[in-house]
Amino acid sequence: MDVRTRYAPSPTGVPHLGNLRTALFDYLLARHFGGQFILRIEDTDRTRYDPNALQGLLDSLTWLGIDYDEGPDIGGPFGPYVQSERLAGYQAAAARLIEQGDAYECWCSSERLDAVRAEQTRTKQPPRYDRRCREPQGQREARAEAEAEGRGHVVRFKTPLTGDVSFQDAIHGEMTFALATLDDFVMLKSDGYPTYHLAYIVDDEAMRISHVLRGDEWIPSAPRHMLIYRALGIEPPVIAHVPRVLGPDGSKLSKRHGATSVFEYRDQGFLPEAVFNFLALVGWSLDDKTEIISRADFIEHFSLDRIVKNPAVFNVEKLTWMNGVYIRDMPEAQLTETFAARLDADLPASVARPIDRDLVARIAPLIRERVKLLSEVAGYCDFFFAEGLTYSTDELLGKAFTARPDDAKSALESAVIAIDGGTWTHDALEASLRALADELSVKAGDLFSLVRVAATGKRVTPPLFESMAILGRERCLERLRAAIAKL
RNA sequence: GGCGCCAUCGUCUAGGGGCCCAGGACGCCGCCCUUUCAAGGCGGAGAUCGCGGGUUCGAAUCCCGCUGGCGCUACCA
């Protein structure tokens with residue numbers, strides 16, 4: 001069997017991490033079996049439609065490196081890949097179901113539906129459609145009312161009143177539901193658009209989808225879908241209800257938990273490779289110990305039966321750690337390019353553009369193991385680029401010299417003398433300053449801190465002597481003298 | 001209210017009757033390394049496997065009940 005999976009998001013806003021995780025599983029499954037991964041846009045809800053969302057959807061997949069074989073922007077043999085352009089198919093399916101006696105027109109007004117539900121809720125009855133239009137008599141009356149008011153109708157599925165429906169879920173196993181608890185759900189809305197239930201089934205069939213992965217909030221709807229498959233004579237695809245991604249408080253991941261959009265993570269400086277790795281590991285694992293897994297290995301080893309059933313809380317801390325791992329493991333050329341691009345965005349306008357690639361290439365090895373997020377890069381190395389340093393005398397003196405600024409001043413003066421004539425290399429600088437500390441009977445660390453702030457304007461920096469070496473003799477001495485002048 | 005899903009360290013997870021008085025990772029704590037901060041190394045705390053029954057010589061693992069969390073119950077997906 002050809003494995004064909006799809007990611008079928010609704011263009012209603014910014015792509016959500018939870019959806020993307022499911023998309024990732026779809027992608028991995030398709031690639032694992034050498035099949036196809038399809039992108040389909042489910043824009044059947046005109047009230048929530050956001051014209052800007054499509055681009056976001058596309059961009060999020062591109063950023064994560066999840067490539068699809070068929071989709072709205074690239075076409076494919078089963079297009080169009082946008083549901084609003086496939087209305088005829090849903091309408092035909094609905095018509096066929098009516099003809100078969102598996103569905104019927106419902107002319108009830110939403111006001112009546114609301115009233116019915118309100119009454120049911122009040123009397124502690126399960127709220128659901130009372131099936132007025134399921135009977136010819138009721139339907140005639142409702143239709144007359146509707147036509148008098150100029151309203152249209154919906155098409156509802158005629159759910160059998162008794163019996164069970166069962167289906168096999170690839171993750172949960174066999175599931176059985178009593179039909180008596182279901183109602184006659186809407187398949188086609190009065191605006192002629194289908195609901196999800198009809199639309200996805202018609203499209204999956206048309207697009208030869210073999211596996212459906214979706215959030216487990218769909219489980220309660222699955223029996224309806226089985227009914228439609230049966231009525232339409234369609235062999236259901238493999239269905240896998242995957243656990244959802246939750247916020248730290250155990251509720252649905254949402255805005256108030258922080259970033260839910262990939263773009264926010266991208267902007268904070270997470271690497272797509274890290275997000276990919278992390279996301280693939282929420283709800284799935286390779287074994288009992290492997291955390292860092294390449295895309296190729298995910299594809300090689302991915303399988304539905306290692307997806308867990310329970311929901312997962314999104315753990316940004318672990319993502320952040322993982323991002324650091326990916327930064328540390330990145331090839332140097334790529335690292336330089338990544339850092340440079342980020343610096344280009346983060347460094348103040350006063351720094352000349354383009355950012356000096358050679359300089360970044362020299363700095364990158366010094367800071368790579370300190371950086372967990374790209375957003376931290378500038379903070380670690382802006383002093384290499386900036387001209388004027390801003391720091392307070394307190395910062396300069398630190399704990400060691402706060403009580404004796406004069407000693408600090410003379411120490412810096414001696415430092416200038418000690419290093420000015422020597423060779424300007426890491427080793428030479430360190431040797432001179434260590435000797436000086438000895439000579440002054442000052443702790444090496446204290447002297448280094450003093451020089452560090454003078455040279456970089458910060459108390460926390462990349463390794464001092466390497467930094468000074470990169471800074472160069474002129475700029476470094478100039479900064480030390482500026483520090484002396486402050487004291 | 002009805003229907004359903006889920007349940008192992010704070011979090012992500014391994015485990016599928018004896019290998020588990022439960023392994024790994026993040027985070028946390030300590031030590032080492034060390035010019036700051038990291039990274040790295042070593043070590044530690046942290047889970048009576050939600051609770052109660054049952055099956056079994058033996059249960060985190062199988063069964064039942066309960067509890068809890070979550071979801072669905074729309075002309076949203």
Side-chain angles (χ1 to χ4, degrees), chain A residues 8-10 12 19 42-45 47-48 106 108-110 113-114 117 120-129 152-156 169 172 175 177-178 180-183 185-197 199-200 214-223 241 243-244 246 248 250-252 278 281-292 306 308-322 324-325 328 366-372 380 398 430 433-434 437 443-453 456 458-465:
Chain A
S10 293
T12 54
N19 299 116
E42 307 214 327
D43 60 343
T44 56
D45 183 353
T47 63
R48 294 202 304 158
C106 170
C108 293
S109 70
S110 37
L113 263 22
D114 289 345
R117 260 192 297 272
Q120 287 164 333
T121 307
R122 195 182 66 76
T123 58
K124 306 271 187 223
Q125 299 294 114
R128 58 183 167 192
Y129 181 55
H153 67 277
V154 302
V155 175
R156 289 182 185 273
D169 183 288
H172 298 269
M175 309 193 102
F177 293 81
T181 63
L182 266 43
D183 67 351
F185 57 94
V186 173
M187 291 188 298
L188 206 62
K189 306 180 228 179
S190 56
D191 61 4
Y193 280 68
T195 59
Y196 169 81
H197 311 299
Y200 101 81
R214 71 198 351 172
D216 60 15
E217 71 270 27
W218 286 104
I219 288 176
S221 298
H241 288 104
R244 283 155 337 113
L246 308 177
S251 70
K252 196 170 152 235
F278 180 79
L281 246 26
V282 358
W284 188 87
S285 62
L286 175 61
D287 55 26
D288 59 343
K289 53 175 81 67
T290 315
E291 305 282 345
I292 304 300
R306 288 195 66 83
V308 298
K309 293 176 178 165
N310 46 308
V313 172
F314 188 81
N315 183 188
V316 203
E317 252 119 58
K318 187 156 179 175
L319 205 210
T320 305
W321 161 77
M322 195 172 275
V325 173
R328 276 172 249 134
L366 263 40
I367 64 172
R368 77 179 316 161
E369 67 215 24
R370 280 153 243 267
V371 172
K372 287 202 175 79
Y380 274 117
E430 175 165 8
L433 289 175
R434 275 194 194 284
K443 277 197 272 183
D446 290 343
L447 178 64
F448 296 168
S449 286
L450 195 59
V451 175
R452 182 188 309 281
V453 178
T456 69
K458 299 169 194 288
R459 297 201 66 84
V460 174
T461 71
L464 179 59
F465 308 113

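As a basis for the values below, the full set of heavy atoms in this structure was taken, side chains included, without hydrogen atoms, waters or symmetry mates. Letters A, B, ... mirror the listed sequences (proteins, then strands); counts begin at 1.
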Could you tell me whether A/Pro462 contacts a base, only the sugar-phosphate backbone, or nothing, with contacts defined as non-hydrogen atoms closer than 4.0 Å? base
Kindly point out which of B/C12, B/A14, B/U36 is positioned nearest to the side chain of A/Ser285? B/A14
Would you say A/Thr290 and A/Asp287 are linked by a side-chain donor-acceptor pair, where the criterion is simply a distance under 3.5 Å? yes
Side chain of A/Pro126: nearest nucleotide among B/A14, B/G2, B/U35? B/G2
Same-atom distance (C1') from B/A60 to B/C9, integer angstrom: 13 Å
Is there a side-chain contact between A/Arg48 and the phosphate of B/A77, meaning an N or O under 4.0 Å from OP1 or OP2? no
For the side chain of A/Glu217, counting heavy atoms from C-beta on, which of B/A77, B/U11, B/U36 is nearest? B/A77
Hey, does A/Ser10 reach any base, or is it just sugar-phosphate, or nothing, if we go heavy atoms under 4.0 Å? sugar-phosphate
So what does A/Lys189 touch, heavy atoms closer than 4.0 Å: a base, only the sugar-phosphate, or nothing? base
Exam field: side chain A/Arg244 to backbone A/Asn310, donor-acceptor pair closer than 3.5 Å: no
Atom CH2 of A/Trp284 to atom C1' of B/A25: distance rounded to whole Å? 15 Å
Taking A/Arg328 for its side chain and A/Arg368 for its backbone only, find out whether a donor-acceptor pair lies under 3.5 Å. no
Could you work out which one of B/A14, B/C26, B/C75 sits closest to the side chain of A/Glu317? B/C26
Could you tell me whether the side chain of A/Leu464 reaches within less than 4.5 Å of the side chain of A/Glu430, counting heavy atoms only? no
Looking only at the side chain of A/Lys318 (C-beta and beyond, no hydrogens), which of the listed nucleotides B/C76, B/G15, B/C26 gets closest? B/C26
The nucleotide from B/A14, B/G1, B/U36 with an atom nearest the side chain of A/Arg370 is B/U36
Ring pair (Phe, Tyr, Trp, His ring centres under 6.0 Å) with A/Phe465: which residues, sequence neighbours excluded? A/Phe448
Give A/Gly283 one of three labels, base, sugar-phosphate or nothing, depending on what nucleic acid heavy atoms sit under 4.0 Å from its own. sugar-phosphate
Nearest-Å distance, CH2 (A/Trp321) to P (B/C26)? 5 Å
Does A/Val154 reach a base, just sugar-phosphate, or nothing at all? Heavy atoms under 4.0 Å. base
May I ask you to decide if the ring planes of A/His241 and A/His172 are parallel, tilted or perpendicular, using 30° and 60° as cut-offs? tilted
Using the C1' atoms only, state how far B/U56 lies from B/U61, rounded to an integer number of Å. 13 Å
Would you say the side-chain atoms of A/Lys189 pair up with the backbone N or O of A/Thr44, donor to acceptor, closer than 3.5 Å? yes
When both hydrogen-bonding distances must be under 3.5 Å and the geometry is Watson-Crick or G-U wobble, what is B/U48 paired with, if anything? none
Beyond-backbone contact of A/Leu246 with A/Phe314, side-chain heavy atoms, under 4.5 angstrom: no
For a quick check of understanding: with a heavy-atom distance under 4.0 Å over all strands, which category does A/Arg452 fall into, base, sugar-phosphate or nothing? base
For the P atoms, the ones on B/C72 and on B/A59, what distance do you get once it is rounded to whole angstrom? 39 Å
Touch check for A/Lys372, heavy atoms < 4.0 angstrom, all strands: base, sugar-phosphate only, or nothing? sugar-phosphate
Of the listed B/A77, B/C37, B/U13, the closest approach to the A/Tyr380 side chain comes from B/C37
Between B/G46 and B/U8, how many Å separate the two C1' atoms, rounded to a whole number? 13 Å
Rounded off to whole Å, could you give me the CZ-to-P distance for the A/Arg459 and B/A38 pair? 14 Å
Scanning all shown strands, the Watson-Crick or wobble mate of B/C62 with both distances under 3.5 Å is B/G54
Check every strand shown and say whether A/Thr44 touches a base, only sugar-phosphate, or nothing at a heavy-atom separation below 4.0 Å. sugar-phosphate
Strictly by Watson-Crick or wobble contacts shorter than 3.5 Å, is anything paired with B/C9, and which nucleotide is it? none
Short side-chain N/O contact from A/Arg328 to OP1 or OP2 of B/A38, under 4.0 Å: no
With both distances kept under 3.5 Å, what pairs with B/U36, Watson-Crick or G-U wobble? none
Please give the nucleotide sitting opposite B/G27 as a Watson-Crick or G-U wobble pair, both distances under 3.5 Å, or none. none
Rounded to whole angstrom units, what separation is found between the CZ atom of A/Phe465 and the C1' atom of B/U36? 11 Å
When rounded to the nearest Å, what value does the distance between C1' atoms of B/U48 and B/C20 take? 14 Å
With P as the reference atom in both, quote the distance from B/C57 to B/C49 in angstrom, rounded to an integer. 22 Å
With both distances under 3.5 Å as the test, what is the Watson-Crick or G-U wobble partner of B/G71? B/C3
Summarise how protein sits on nucleotides 3-9 of chain B as a single string, 5' to 3': B when a protein heavy atom is under 4.0 Å from the base, S for sugar-phosphate-only contact, - for no contact. SSSSSS-
Report the distance from atom CZ of A/Arg214 to atom P of B/A77, rounded to the nearest whole Å. 13 Å
Let me know the distance between CG of A/Leu286 and C1' of B/A14, rounded to the nearest Å. 11 Å
Once you apply a heavy-atom cut-off of 4.0 Å, does A/Val451 come out as touching a base, just sugar-phosphate, or nothing? nothing
Expressed as a whole number of Å, how far does the P atom of B/G17 sit from that of B/C5? 23 Å
Would you find a donor on one side and an acceptor on the other, under 3.5 Å apart, between the side chain of A/Glu42 and the backbone of A/Tyr200? no
When A/Pro463 and A/Leu113 are each assigned the nearest nucleotide of RNA chain B, the 5'-most assignment goes to A/Pro463
Hey, does A/Arg117 reach any base, or is it just sugar-phosphate, or nothing, if we go heavy atoms under 4.0 Å? sugar-phosphate
In whole Å, measure the gap between the P atoms of B/G2 and B/A74 for me. 16 Å
Most 5' of A/Gly445 and A/Glu291 on RNA chain B, judged by nearest nucleotide: A/Glu291
Determine the contact category for A/Ala444: base if any of its heavy atoms lies under 4.0 Å from a base atom, sugar-phosphate if only primed atoms, P, OP1 or OP2 are that close, otherwise nothing. nothing
Exactly one candidate in A/Leu286, A/Val325, A/Leu281 meets side-chain contact (heavy atoms from CB on, under 4.5 Å) with A/Glu291; the answer is A/Leu281
Taking any heavy-atom pair under 4.0 Å as a contact, classify A/Glu42: base, sugar-phosphate, or nothing. sugar-phosphate
Using a heavy-atom cut-off of under 4.0 Å over every strand shown, decide if A/Asp45 touches base, sugar-phosphate, or nothing. sugar-phosphate
Would A/Ser10 and A/Arg48 count as having a side-chain donor-acceptor pair, cut-off 3.5 Å? no
Atom CE of A/Met322 to atom C1' of B/U13: distance rounded to whole Å? 12 Å
Taken to the nearest whole Å, CG/A/Leu366 to P/B/U36 is 15 Å
With a distance cut-off below 6.0 Å to the six-membered ring centre and an angular limit of 45° from the axis, does A/Arg156 pair with A/Tyr129 as a cation-pi contact? yes
